[in-house]
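Step one of this worksheet: look at the structure below.
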Amino acid sequence: MDIRELLLKDAMIMDLKASTKEEAISEMVHQYFVTGVINDEDLYKKDIVAREKQSTTGIGDGIAMPHAKDKAVQRATVLFAKSEKGVDYDALDGNPVHLFFMIAAPEGANNTHLQALATLSGLLIDPTLVAKLKQAQTPDEVHQLFADAQAQKEEKDQAEEKKEQQAAAPASSDRPYVVAVTACPTGIAHTYMAEEALKKQAEAMGVDIKVETNGSEGVKHLLTADEIQRAAGVIIAADKKVEMARFNGKHLINRPVVDGIKKPEELITKAVNADAPVYHADAAAAEEEDDATGSIGSKIYKDLMNGISHMLPFVVGGGILMALSFVIEQYLGGPKSTGFIFLNNAGSLAFAFMIPVLAGYIAESIGDRPALMPGFVGGFMATVYSGSFGGAYTANVMTNAKSAAGFLGGIAAGFIAGYLTIFLKKVFTKLPKSLEGMKPMLLYPIFGLLLVALIMFFIVNPIFAIINTWVTAFLNHMGTGNAVLLGIVLGGMMSIDMGGPFNKAAYVFAVAAFTSTNNGNLMAAVMAGGMIPPFATAIATAFWPKKFTDDERKAGITNWVLGFSFITEGAIPFATADPLRVIGSCIVGSAIAGGLTQFWHVSVPAPHGGLWVTPLATNAFGYIFAVVIGAIVSGIILGMWKQVKEAK
């Protein structure tokens, strides 16, 4: 792909007016909005600022590369901006920034776009190109400079590919050989700049190097076991987690990704001279566990969220297909139609993986990759295997075991598998070094699976089967008053932090009840409660526009769609700017909506979809009225409570 397709001429700013970092970001984001590259100025700016909080993208030498990847971006684009006077951008070298490259990548960016962005990032390491860009006066000049640089780089890459192929074979020369991994949180810019800097410096030093990149387009140039074994040292230049166990026993330098860009000579020298500690995978895992920051509660929440984030695609995808199948069954073809059978089976199969995936990735968050397999199996046992005291012992996913532990048992399986793996790592640290290779391939899988299976079969399944039976009986026999109270609590929780721990706790509780009982009453409560914040902000900005900024009014329009689709996070920018009024008003409306769904006996047999799944509700009008009433109440409270003087 030609880089000039990303560098839009009409998006370039050849004379940036901003004098501060905040002004520069706002000016460039607004230019993106004006040219139609993004459709949500607030969302994209929020993600740009969030990336800057992780670490500045002012990489030094007068260059900054702010970047974000989100749903506001309509097409992959790079905005070039030049400031004659320079901007204080908190750059790593403390100097003003003159050249800006704001990278916008859509959520569904294809590999072609990502590779082009990677190429662009690598080009900016060339000081000659940077110097020429500082002198460029027109967008046409900028285009031509990048076209020439890209052509030169492609020729150079072909030559380096031949060298890499030679380096992959057993070394026949005296040139030292090192390996490296580069990675940054978004995987768009710094990952590839660090790669290019390390390769360029290695060539200048007469060192052979292979660099693995962990970027947005996945892992590229994956290091093989033989290459790692032959290397004199390993360089990790990364700001996110990379697979570390494979470097066990090697001299390893672990630095932020920016050091790969700014200090490649230092890193390569240390790697060549083996001037770094020897990495021990088991000791490192134990140390990570001992040094984990934050409270026990925050650690548990992080591990749980890792499982839930991996599980949600199965919930949403499977749930929506099942919902569509019910529509076909009820209105189009009946229970024997091909459409119903196909969609229902597809959704059911996704649901069959839901709890194993949840458990597996909770375990992986705690005990890393060795915990993944026992976590998956433990989660699987929670759904289809019975306990030791009755029920059919079966591995058939289409069979309902009489005492399966269910959703709660899956969560327990994940934590059990994760901490058992940490225990096994500590136990096996005392084994002879000659047995190191047996741990990941033999010892962890066998003992991890054995222990998790024993605990699930003899302890967890029997206990949680009793709990699930009690929960099912409680929900089925709950009076209207108790149901309304529970709906009020769950609905209100959806607005407390709008996607945070309280929101997720309420949602997970409703999903657990739904999967255990096939009763969608509580799903209706949390779904209605979760739609209120975006609807409330949309109503308030529409009827009290003078109390909100221009950006907030634009976001309010978007929130009509987000509310309809059960995307609570649309209200987060409002809550961030004015937490007391926004969260307070939304909790009231969400609690009302959640309670009304239970009062009117609304049941929604789908775990997602918002108002799109209204045809599936047992009381469709009750579902709609609950949402409308809650949204109007919250919108009026917010609009009247909001102060005019706070608008900008």
Side-chain angles (χ1 to χ4, degrees), residues 3-53 55-70 72-105 117 120-121 123-147 149 186 188-190 193 261 549-551 648:
I3 284 179
R4 288 174 293 183
E5 294 180 25
L6 297 175
L7 286 160
L8 300 184
K9 291 182 182 180
D10 59 354
M12 293 185 186
I13 304 176
M14 301 307 295
D15 184 18
L16 195 72
K17 305 299 183 184
S19 57
T20 67
K21 182 174 184 176
E22 183 178 358
E23 290 174 355
I25 291 174
S26 296
E27 187 174 343
M28 288 186 286
V29 171
H30 184 66
Q31 181 73 354
Y32 262 153
F33 184 74
V34 169
T35 54
V37 173
I38 60 175
N39 61 13
D40 189 332
E41 199 167 345
D42 291 334
L43 174 60
Y44 184 72
K45 182 178 178 180
K46 183 189 74 170
D47 287 340
I48 287 286
V49 171
R51 174 61 185 88
E52 293 295 328
K53 288 180 179 179
S55 63
T56 180
T57 59
I59 61 175
D61 297 327
I63 299 174
M65 297 186 69
H67 50 274
K69 179 180 179 181
D70 61 34
V73 181
Q74 301 303 292
R75 57 167 293 183
T77 309
V78 178
L79 183 153
F80 172 79
K82 190 175 74 162
S83 171
E84 295 290 344
K85 60 185 178 181
V87 177
D88 182 2
Y89 202 81
D90 300 326
L92 294 169
D93 59 5
N95 294 324
V97 170
H98 294 275
L99 299 180
F100 295 86
F101 299 87
M102 179 171 276
I103 300 174
L117 291 173
L120 173 66
S121 303
L123 291 176
L124 294 176
I125 294 298
D126 184 358
T128 303
L129 174 61
V130 171
K132 290 180 179 179
L133 287 171
K134 289 180 179 179
Q135 301 301 317
Q137 299 299 316
T138 67
D140 287 330
E141 289 182 61
V142 175
H143 258 205
Q144 190 57 49
L145 287 172
F146 273 106
T186 53
I188 295 175
H190 288 58
M193 296 182 75
I261 301 171
T549 66
D550 288 339
D551 290 341
K648 297 180 182 178

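In what follows, every heavy atom counts, from backbone to side chain, and hydrogens, waters and symmetry copies are set aside. Since we're looking at a predicted model, the values are computed, not measured.
- Scanning for salt bridge (charged side-chain N to carboxylate O under 4.0 Å, His left out) contacts around K132 gives an empty result, with sequence neighbours left out.
- Taking the centre of each ring, F80 and F100 stay at or above the 6.0 Å mark.
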- Query: Does the pair I25 and Y89 meet the rule for a side-chain contact (heavy atoms from CB on, under 4.5 Å), with working shown?
  - Reply: CA-CA 10 Å; I25 291 174; Y89 202 81; 3.7 Å; yes

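- Put simply, the side chain of Y44 never gets that close to the backbone of Y32: no donor and acceptor are under 3.5 Å apart.
- By the salt bridge (charged side-chain N to carboxylate O under 4.0 Å, His left out) test, D140 is found to be paired with K9, residues two or more places apart in sequence or in another chain being considered.
- Among all heavy-atom pairs drawn from A149 and L129, the shortest one is CB-CD2, 4.0 Å.
- Considering OG1 of T20 and CD of E27, their distance stands at 10.0 Å, rounded to 0.5 Å.
- Looking at L8 and V37, their side chains come closer than 4.5 Å, going by heavy atoms from C-beta outward.
- Between atom OG1 of residue T128 and atom CG of residue L133 there is a gap of 11.0 Å, rounded to the nearest 0.5 Å.
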message: M14 vs T138, test: side-chain contact (heavy atoms from CB on, under 4.5 Å). Steps then yes/no.
response: CA-CA 7 Å; M14 301 307 295; T138 67; 5.7 Å; no

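- Side-chain contact between M28 and I48 is absent, with no heavy atoms from C-beta onward closer than 4.5 Å.
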After noting the C-alpha distance and the side-chain angles of F146 and L6, does the key distance pass the side-chain contact (heavy atoms from CB on, under 4.5 Å) rule?
CA-CA 11 Å; F146 273 106; L6 297 175; over 6 Å; no

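- The number of heavy atoms from other shown groups lying within 6.0 Å of CD (E22) does not exceed 12.
- In this structure, H67 NE2 and D47 CG are separated by 11.5 Å, a value rounded to the nearest 0.5 Å.
- Between the E41 side chain and the F33 main chain, no donor and acceptor come within less than 3.5 Å of each other.
- Here the closest non-hydrogen pair linking L145 and A136 is CD1-CB, 4.3 Å.
- Pairing each heavy atom of K85 with each of A18, the nearest pair is CE-O, 3.7 Å.
- Atom OG1 of T77 and atom CD of Q31 lie 11.5 Å apart (nearest 0.5 Å).
- At least one donor-acceptor pair under 3.5 Å links the side chain of H98 to the backbone N or O of S83.
- The distance from atom CG of L43 to atom CG of D70, rounded to the nearest 0.5 Å, is 4.5 Å.
- Looking only at side-chain heavy atoms (C-beta outward), V29 and M102 come within less than 4.5 Å of each other.
- Summarising the geometry of G62 relative to V97, their closest heavy-atom pair is O-CG1, 3.6 Å, with the distance given to 0.1 Å.
- For the pair T56 (side chain) and D90 (backbone), a donor-acceptor distance under 3.5 Å is present.
- Atoms CG and CG, from L16 and L99 in turn, are 11.0 Å apart once rounded to the nearest 0.5 Å.
- Under the rule for a salt bridge (charged side-chain N to carboxylate O under 4.0 Å, His left out), the partners of K82 that lie at least two apart in sequence or sit in another chain are E84.
- Under the 4.5 Å side-chain criterion, counting only non-hydrogen atoms from C-beta, K21 is not in contact with D88.
- Taking each heavy atom of K45 and S26 in turn, the nearest pair found is NZ-OG, 2.7 Å.
- The closest donor-acceptor contact from the side chain of Q74 to the backbone of G36 lies at 3.5 Å or more, if one exists at all.
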